Amino acid sequence: VLGKKNIDDDLLEELEEILITSDIGVQTAFRLIEDMREKVKRKELDDPGLLKKCLQEEIMEILKAEESPLDVTGSVPFVILVVGVNGVGKTTTIAKMANGFKEQGKSVLLAAADTFRAAAIEQLEIWGQRAGCKVIKHQSGSDPSAVVFDALKAAQARGVDVLIVDTAGRLHTKANLMEELKKIQRIMGRELPDAPHEVLLILDATTGQNAISQAKSFKEATNITGIALTKLDGTAKGGVVVGISHELKIPLRYVGIGEGMDDLRVFNAKEFVEALF
Amino acid sequence: SLTERLNTVFKKLRGHGKLSEQNIKDVLREIRLVLLEADVNFRVAKDFIEAIRVKALGKEVLNSLTPAQQLIKIVNTELTSLLGGENSQLKLSGRRPISMMFVGLQGSGKTTTVGKLAKFLKEKSHNPYMVPADVSRPAAIDQLQKLGQQLKVDTYEPKQDENPLVICKNAVSFAGVSAHDIVLIDTAGRLHIDEELMQELQTIKETILPNEILLVADAMTGQDAVNVAGKFNEMLDMDGVILTKMDGDARGGAALSIKAVTGKPIKFVGTGEHLDALEVFFPDRMASRILG
Ligand SMILES: Nc1nc2c(ncn2[C@@H]2O[C@H](COP(=O)(O)OP(=O)(O)OP(=O)(O)O)[C@@H](O)[C@H]2O)c(=O)[nH]1
Ligand SMILES: Nc1nc2c(ncn2[C@@H]2O[C@H](COP(=O)(O)OP(=O)(O)OP(=O)(O)O)[C@@H](O)[C@H]2O)c(=O)[nH]1
Ligand SMILES: [Mg+2]
Ligand SMILES: [Mg+2]
């Protein structure tokens, strides 16, 4: 890309490929390249060496607007409902967050509200032991709302700082499962006004454009207040968050960079954009 | 949909007499955009367009009264033939017990798919044996054992601190003396760029010589599908692919990316969370889904 004397169509096409292969999406990529083309026409940009930087700055502006670390001090307990489609990393991200809060000296309670998937409760229990926090659970197959109700009661009784609720993976296209989520949210709000204080959507960085459809559907169903992007330690770039930020304006909280309890970072727009291309 | 978009493009071209090279260029660009929006990899989409360019410039399209329809037919046929092909059945022949390894990225659906395949094979009068060789994920062994209980399918019980290679060896020898004809091995999710873990899979392969190595891949995977599938294939020369979570609304362009880059057949698709949600792969249905 570098080493060219001027910014021509070939160069812009090369950048288009880099953007699209980062999963930023066709429309977003075209719009960004068009903006660069305009800048070149208006003589605001003529050095190919600066083109990449200019693009990064424009993308950074979109992401910086949503760069907003999660502040859990606003309520006791501060209730976080974790949602997302199957296999994206909800349970593991909860373990990482719990560990992080414990390291900050906060008390954390976990709720095993995935009562459907085989060994989901056991998985969260093991993480709870490793992070040093209790897990409220019922029998496998029981009503997730009942688990959430008990967890809320327990969190209030024990004066816990943070309650994190793990839910079953669910495709946003399944109306009955989205209804189950809305019910969980209603039960929470009834027991503790303002709860959940954060509805965190977990997105997998390897997911393509479907992530946008996931974000839209979950936002519609449960008013998502934050996003965590997992598996950025792979080769996928997670460019989908650019379109999601631009369109849906949902705060970007965390990125997951591995399978261990310490593999969680607060979202940083600059670092993200520099890794994008 | 592709039909609507091509109809719009061709409408603009009506009344210009013969379709020009530039006209076809615009039309092909439209098709490429549809593929990219469906998550087909950038390079794969480009190659696909090149492959149909000659046919698109043929008399069939240029002289047709309904060029959009002709072109869509060509695109659909080409896409279906690329996605389909030979060898989409499981290799079930060979000295018993035969074994199958399920590999892929974290969270793609391997453990659940092993359960589904065990049910599928049991219903075909086989006697499958499931092997939980994931010792790193919390409760992974428990997860597969619970599926085994649900299905009444025997499942290996790893001893404390048994590593994946030993688990596989012991499980296969046990299957050999216990009337189990097919061994299904669930492995830990791993990154294709994790050299140590990819080597672990290669070692298991060289030791137990499986009949099938199946890449379990998520249908909603984006541009990265070529990197993942390419690397797994390079290291393991896999036999096929199972595409999961097809019950969602992801267009599934990853299917074309994976097939194009590995040449390996997609054998099954996962269509739900329950253990009966496994279907044989139909290339024509996948083609229509990708084209929207
Ligand atoms: N490499 C990597 N793997 C991750 C990351 N986050 C989670 N995983 C892995 O992804 C897999 C799925 O994680 P889970 O936490 O079980 O995902 P989930 O969303 O709770 O899954 P369901 O409850 O089944 O929907 C596990 O193997 C995790 O170790 C990450 O940031 N990087
Ligand atoms: N909707 C749907 N969910 C699926 C399908 N296949 C698997 N899942 C779900 O996807 C999630 C992950 O499945 P697992 O079988 O745990 O995935 P895995 O590849 O074994 O995960 P790791 O062992 O952590 O790498 C679970 O919630 C499954 O129920 C499918 O075809 N459709
Ligand atoms: Mg989970
Ligand atoms: Mg598994």
Side-chain angles (χ1 to χ4, degrees), chain A residues 16-27 29-30 85-92 95 116-130 140 168-174 177 204-211 213-214 217 230-231 233-240 258-259, chain B residues 32-43 45-46 105-112 115 136-147 149-150 188-194 217-228 231 244-245 247-254 272-273 275:
Chain A
E16 193 179 85
E17 173 169 358
I18 292 175
L19 287 176
I20 290 175
T21 54
S22 77
D23 282 316
I24 217 168
V26 169
Q27 297 310 327
F30 285 176
V85 304
N86 310 72
V88 294
K90 298 177 290 302
T91 307
T92 310
F116 168 75
R117 207 208 69 215
I121 298 170
E122 289 80 351
Q123 182 187 9
L124 189 67
E125 280 191 293
I126 293 173
W127 279 121
Q129 286 162 17
R130 292 182 188 178
S140 177
R170 69 201 66 225
L171 292 182
H172 52 296
T173 48
K174 311 222 159 151
L177 297 183
D204 186 328
T206 65
T207 304
Q209 298 310 299
N210 196 248
S213 150
Q214 292 172 25
S217 300
T230 62
K231 308 182 195 171
D233 46 317
T235 51
K237 303 290 184 176
V240 284
E259 302 190 68
Chain B
R32 194 169 75 95
L33 291 187
V34 166
L35 295 176
L36 290 176
E37 287 165 5
D39 288 324
V40 174
N41 177 267
F42 189 91
R43 286 281 158 92
K46 217 171 189 187
L105 290 183
Q106 293 89 346
S108 64
K110 297 173 293 300
T111 306
T112 310
S136 43
R137 169 173 154 155
I141 295 170
D142 197 349
Q143 184 182 1
L144 192 66
Q145 288 176 335
K146 283 195 160 66
L147 297 186
Q149 288 157 18
Q150 269 181 54
R190 68 204 62 214
L191 296 178
H192 51 300
I193 52 172
D194 187 324
D218 198 321
M220 49 181 159
T221 311
Q223 296 288 312
D224 200 43
V226 295
N227 301 326
V228 178
K231 196 67 187 168
T244 62
K245 307 177 202 170
D247 44 320
D249 60 356
R251 295 269 292 281
E273 301 181 70
L275 297 174

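A quick note: this is a predicted structure, and the numbers were derived from the prediction, not measured. Here is the naming used below: chain letters follow the sequence lines, and residue numbers restart at 1 for every chain.
For A/Glu125, no part lies near chain B; criterion is any non-hydrogen pair under 4.5 Å. The part of B/Leu105 that comes within reach of chain A is its side chain, from C-beta onward, which places non-hydrogen atoms under 4.5 angstrom from that chain. Residue B/Arg251: no heavy atom, backbone or side chain, is found under 4.5 Å from chain A. With a 4.5 angstrom heavy-atom cutoff, A/Leu19 does not touch chain B via any of its atoms. Only the side chain of B/Ile193 comes within less than 4.5 Å of a heavy atom in chain A; its backbone stays farther off. Contacts between B/Arg32 and chain A at a heavy-atom distance below 4.5 Å involve the side chain alone, from C-beta outward.
Rounding to the nearest 0.5 angstrom, the gap separating the CD1 atom in A/Ile18 from the CZ atom in B/Phe42 is 10.0 Å. Atom CG of B/Asp194 and atom CD of A/Glu259 lie 8.5 Å apart (nearest 0.5 Å). Here CG of B/Asp39 is found 7.5 Å from CG of A/Asn210. Values are rounded to the nearest 0.5 Å. Once rounded to the nearest 0.5 Å, the distance linking CZ of A/Arg117 with CD of B/Glu273 reads 9.5 Å. To the nearest 0.5 Å, atom CG of residue B/Asp142 and atom CD1 of residue A/Ile126 are 7.5 Å apart. Interatomic distance, A/Thr91 OG1 to B/Arg137 CZ, rounded to the nearest 0.5 Å: 7.5 Å.
Of the listed residues B/Ala225, B/Gly222, B/Ala140, the one with more heavy-atom pairs under 4.5 angstrom with chain A than any other is B/Gly222. Between chain B and the residues A/Gly25, A/Ala120, A/Gly234, the largest count of heavy-atom pairs under 4.5 Å involves A/Gly234. Top candidate by heavy-atom pairs under 4.5 Å with chain A, chosen from B/Asp249, B/Leu191, B/Asn227, is B/Asp249. Contact count against chain B (heavy-atom pairs under 4.5 Å) is highest for A/Thr235 among A/Thr235, A/Thr206, A/Val240. When A/Ala236, A/Ser22, A/Gly239, A/Ser140 are compared by the number of non-hydrogen pairs under 4.5 Å with chain B, A/Ala236 comes out ahead. Note: B/Gln143 leads B/Lys245, B/Lys146, B/Gln143 in heavy-atom pairs under 4.5 Å with chain A. For the set A/Ile20, A/Leu124, A/Asp233, the count of heavy-atom pairs under 4.5 angstrom toward chain B peaks at A/Ile20.
Considering only heavy atoms from C-beta on, A/Thr207 stays 4.5 Å or farther from B/Thr221 through its side chain.
With respect to A/Lys237 and B/Asp224, no salt bridge is recorded, no charged nitrogen being found less than 4.0 Å from a carboxylate O. With salt bridges taken as basic N to acidic carboxylate O contacts below 4.0 Å, one links B/Arg43 and A/Glu17.
Within a 6.0 Å radius of NZ in B/Lys231, no more than 12 heavy atoms belonging to other residues, nucleotides or ligands are found.
Shortest non-hydrogen contact noted between B/Ala139 and A/Ala119 is O-CB, 3.7 Å.
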Q: Take A/Gln214 and B/Met220 through the test side chain to side chain contact (heavy atoms under 4.5 Å, CB included) and record every step on the way to the result.
A: CA-CA 11 Å; A/Gln214 292 172 25; B/Met220 49 181 159; 3.1 Å; yes
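Contacts of A/Gln27 classified as side chain to side chain donor-acceptor pair (under 3.5 Å), with partners at least two apart in sequence or in another chain: B/Glu37.
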